[in-house]
Amino acid sequence: MDSGKTSPEALIASLDDANARLFVRLLGRPDGHDMLYRISGKVHNHVPGDVHGKVFPHGGVLFGVEGYNIRRLINPPGTEDLHMVSREIVFYTDPKDGTVLTEWTNPLDGHTRPLPPIANDRVQLSYRIRAGALYALFGPAEVPLAGSVAPQRVRRNLVWTLDVPPVYRLADRYGIDDDFGLANSTYTSWELFDFLVHEDDARAHSGADAPKGALPVTNCWSRICPYVPAMGIAESETPGNLVYHARAWTLDGFDALEPWLADLVRTHHPLYTSAPEAPGTGPNTTTWTAFHAGELAPRGLTWREWRDTTH
């Protein structure tokens with residue numbers, strides 16, 4: 001740990017509710033060291049009416065996804081705040097042989113374009129623990145979480161569910177004056193999560209003598225969203241979207257990754273070998289904002305200009 005930081009362990013231990021303590025352990029290690037959610041799954045094509053037929057069929061598997069979110073819990077000294085700060089990198093892979101893809105051919109226009117990984121340098125959640133209770137922070141607003149951190153029991157598992165339907169204009173949230181071909185110039189999606197913890201692991205990690213490492217969590221993740229910018233398909237012009245269906249599981253840190261994935265990140269994306277060192281400000285990074293920052297803004301292009309000139 002850096003000398004300027006304090007471990008969040010004592011702050012987390014001050015929570016009165018065992019469910020709240022376990023919920024926080026879903027977010028990260030209480031000792032303040034890095035924890036990973038290793039992600040693996042597939043991306044499917046959803047096309048209403050199957051209007052493209054065999055050229056771009058409904059139900060087709062477009063990609064595999066392999067990667068992780070690397071995260072850390074930070075309690076700034078002298079505060080009751082708890083920040084989950086993370087980076088995430090997820091590579092698109094060939095669904096046939098699992099090789100990492102760096103480009104993709106759009107069957108609707110025949111053009112081959114670069115396909116960058118999901119690379120979000122900062123995804124952050126903020127909380128406050130005061131008088132034994134847990135609150136979520138949304139800017140200056142505090143939202144008590146006492147009623148929402150209790151898991152459902154399914155056989156011998158405890159299950160926390162989080163269903164999020166993002167809806168916003170990029171211009172309003174990020175100051176990006178580009179509609180990316182989105183319907184009504186508005187980003188809409190679903191992010192659906194289930195976090196499962198076996199009752200034995202929950203029991204072992206809820207007491208004062210809990211293990212220091214990551215709580216063993218299995219996560220199910222589904223995402224429904226527009227075609228990502230690199231695919232060159234405008235939602236406002238072409239019916240359809242992507243359906244991600246993946247699993248994730250906790251690891252104690254970067255060194256617990258498989259060698260092929262760790263080597264790939266060290267060589268080409270070394271920033272993602274660790275979580276951020278401190279909380280940030282501003283909204284979280286997304287595929288759309290990262291694409292704008294990495295591909296469009298440096299070249300002074302709109303998304304449609306990029307789509308029509310890059311192939």
Side-chain angles (χ1 to χ4, degrees), residues 1-9 12 22-42 63-76 82-93 98-102 115-127 191 193 195-197 201 204-205 210-221 223 244 246-280 284-287 289-290 293-294:
M1 297 294 294
D2 291 351
S3 59
K5 297 186 176 67
T6 58
S7 166
E9 203 159 9
I12 296 168
L22 284 170
F23 173 80
V24 170
R25 281 180 170 260
L26 300 177
L27 303 173
R29 292 174 52 159
D31 58 13
H33 292 286
D34 283 355
M35 182 177 95
L36 273 75
Y37 273 96
R38 170 70 171 90
I39 301 166
S40 179
K42 295 179 180 179
F63 313 109
V65 283
E66 300 290 340
Y68 60 86
N69 173 289
I70 188 165
R71 55 183 52 207
R72 181 179 302 172
L73 293 177
I74 295 176
N75 169 216
L82 183 69
H83 302 281
M84 188 288 293
V85 294
S86 77
R87 297 184 174 106
E88 52 195 17
I89 186 160
V90 181
F91 298 93
Y92 292 103
T93 64
T99 56
V100 173
L101 296 173
T102 58
L115 181 66
I118 298 170
N120 295 331
D121 179 19
R122 196 169 302 271
V123 178
Q124 179 172 312
L125 299 170
S126 296
Y127 300 86
E191 300 272 358
F193 302 91
F195 298 87
L196 292 83
V197 178
D201 292 320
H205 283 76
K212 298 289 186 182
L215 173 67
V217 184
T218 301
N219 168 248
C220 300
W221 170 54
R223 179 191 192 199
Y244 293 69
R247 281 111 265 142
W249 55 95
T250 51
L251 298 173
D252 272 341
F254 182 82
D255 291 340
L257 281 170
E258 308 99 304
W260 76 265
L261 184 52
D263 291 345
L264 179 63
V265 173
R266 286 194 191 99
T267 302
H268 298 289
H269 305 275
L271 179 67
Y272 293 84
T273 58
S274 65
E277 292 285 339
N284 290 335
T285 306
T286 73
T287 294
T289 63

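Values reported hereafter were calculated over all heavy atoms of this structure, with side chains retained and with hydrogens, waters and symmetry mates removed.
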Quiz item: Could D121 and R87 be called an ion pair, given the rule that one side-chain N must be under 4.0 Å from one carboxylate O?
Solution: yes

Quiz item: Is the backbone N or O of S274 less than 3.5 Å from a side-chain atom of D34, with the two atoms forming a donor-acceptor pair by type?
Solution: no

Practice problem: Mind listing the closest non-hydrogen atom pair of I39 and A246 along with its distance? | Solution: CG2-CB, 4.1 Å

Quiz item: Given side chains that start at C-beta, do those of V90 and P117 come closer than 4.5 Å, heavy atoms only?
Solution: no

Self-check item: Nearest heavy-atom neighbours spanning L36 and G253
Solution: CD1-C, 3.2 Å

Self-check item: Interatomic spacing from OG1 in T286 to CG in N120 - rounded to 0.5 Å
Solution: 6.5 Å

Quiz prompt | From CZ (R247) to NZ (K42), nearest 0.5 Å | solution = 8.0 Å

Quiz item: Are any of the side-chain heavy atoms of V217 and W249 separated by less than 4.5 Å?
Solution: no

Quiz item: Do T285 side-chain atoms and A290 backbone N/O form a donor-acceptor pair below 3.5 Å?
Solution: no

Self-check item: Closest non-hydrogen atom pair between K212 and R29, with its separation
Solution: O-NE, 3.7 Å

Exercise. Output, in order, the C-alpha distance, side-chain angles, deciding distance and verdict of side-chain contact (heavy atoms from CB on, under 4.5 Å) for V197 and T218.
Key: CA-CA 7 Å; V197 178; T218 301; over 6 Å; no

Practice problem: Using the side-chain contact (heavy atoms from CB on, under 4.5 Å) rule, take F91 and H269 through it: C-alpha gap first, then chi angles, then the decisive distance, then the call. | Solution: CA-CA 11 Å; F91 298 93; H269 305 275; 3.8 Å; yes

Self-check item: Working for side-chain contact (heavy atoms from CB on, under 4.5 Å), residues I74 and L82
Solution: CA-CA 6 Å; I74 295 176; L82 183 69; over 6 Å; no

Quiz item: Nearest heavy-atom pair of S7 and P30: which atoms, and what distance?
Solution: OG-O, 3.4 Å

Practice problem: Check the pair E66, S40 against side chain to side chain donor-acceptor pair (under 3.5 Å), reporting the backbone distance first and the verdict last. | Solution: CA-CA 5 Å; E66 300 290 340; S40 179; 2.8 Å; yes

Quiz item: Which pair of non-hydrogen atoms, one from V85 and one from A278, has the smallest distance, and what is that distance?
Solution: CG1-O, 4.0 Å

Self-check item: Trace of the side-chain contact (heavy atoms from CB on, under 4.5 Å) decision for Y37 with T250
Solution: CA-CA 5 Å; Y37 273 96; T250 51; 3.6 Å; yes

Quiz prompt | ring pair (Phe, Tyr, Trp, His ring centres under 6.0 Å) evaluation trace for W221 with Y244 | solution = CA-CA 8 Å; W221 170 54; Y244 293 69; 5.6 Å; yes

Quiz prompt | OH on Y92 to OG1 on T102, rounded to 0.5 Å | solution = 14.0 Å

Self-check item: Contact summary for A214 and H205, nearest pair of heavy atoms
Solution: O-NE2, 3.8 Å

Quiz item: For the side chain of E88 and the backbone of A119, is there at least one donor-acceptor N/O pair under 3.5 Å apart?
Solution: no

Self-check item: Value rounded to 0.5 Å, distance of CG in L22 from CG in L27
Solution: 11.0 Å

Self-check item: Rounded distance (nearest 0.5 Å) linking atom OH of Y272 with atom OG of S86
Solution: 10.0 Å

Quiz item: Side chains of Y127 and F23: does their closest heavy-atom pair fall under 4.5 Å?
Solution: yes

Exercise. Give, for atom CE of M84 and atom CG of L125, the distance between the pair rounded to the nearest 0.5 Å.
Key: 4.0 Å

Quiz item: With a 4.0 Å cut-off, would you call E277 and R72 a salt bridge?
Solution: yes

Quiz prompt | Heavy-atom donor-acceptor pair, D31 side chain to H33 backbone, under 3.5 Å | solution = yes

What pairs of donor and acceptor atoms, side-chain ones from residues 254-266 against any protein atom, are under 3.5 angstrom apart with sequence neighbours left out?
{"unit_1": "E258", "atom_1": "OE1", "unit_2": "R38", "atom_2": "NE", "d": "3.0"}
{"unit_1": "E258", "atom_1": "OE2", "unit_2": "R38", "atom_2": "NE", "d": "3.2"}
{"unit_1": "E258", "atom_1": "OE2", "unit_2": "R38", "atom_2": "NH2", "d": "2.8"}
{"unit_1": "D263", "atom_1": "OD1", "unit_2": "R266", "atom_2": "NH1", "d": "3.1"}

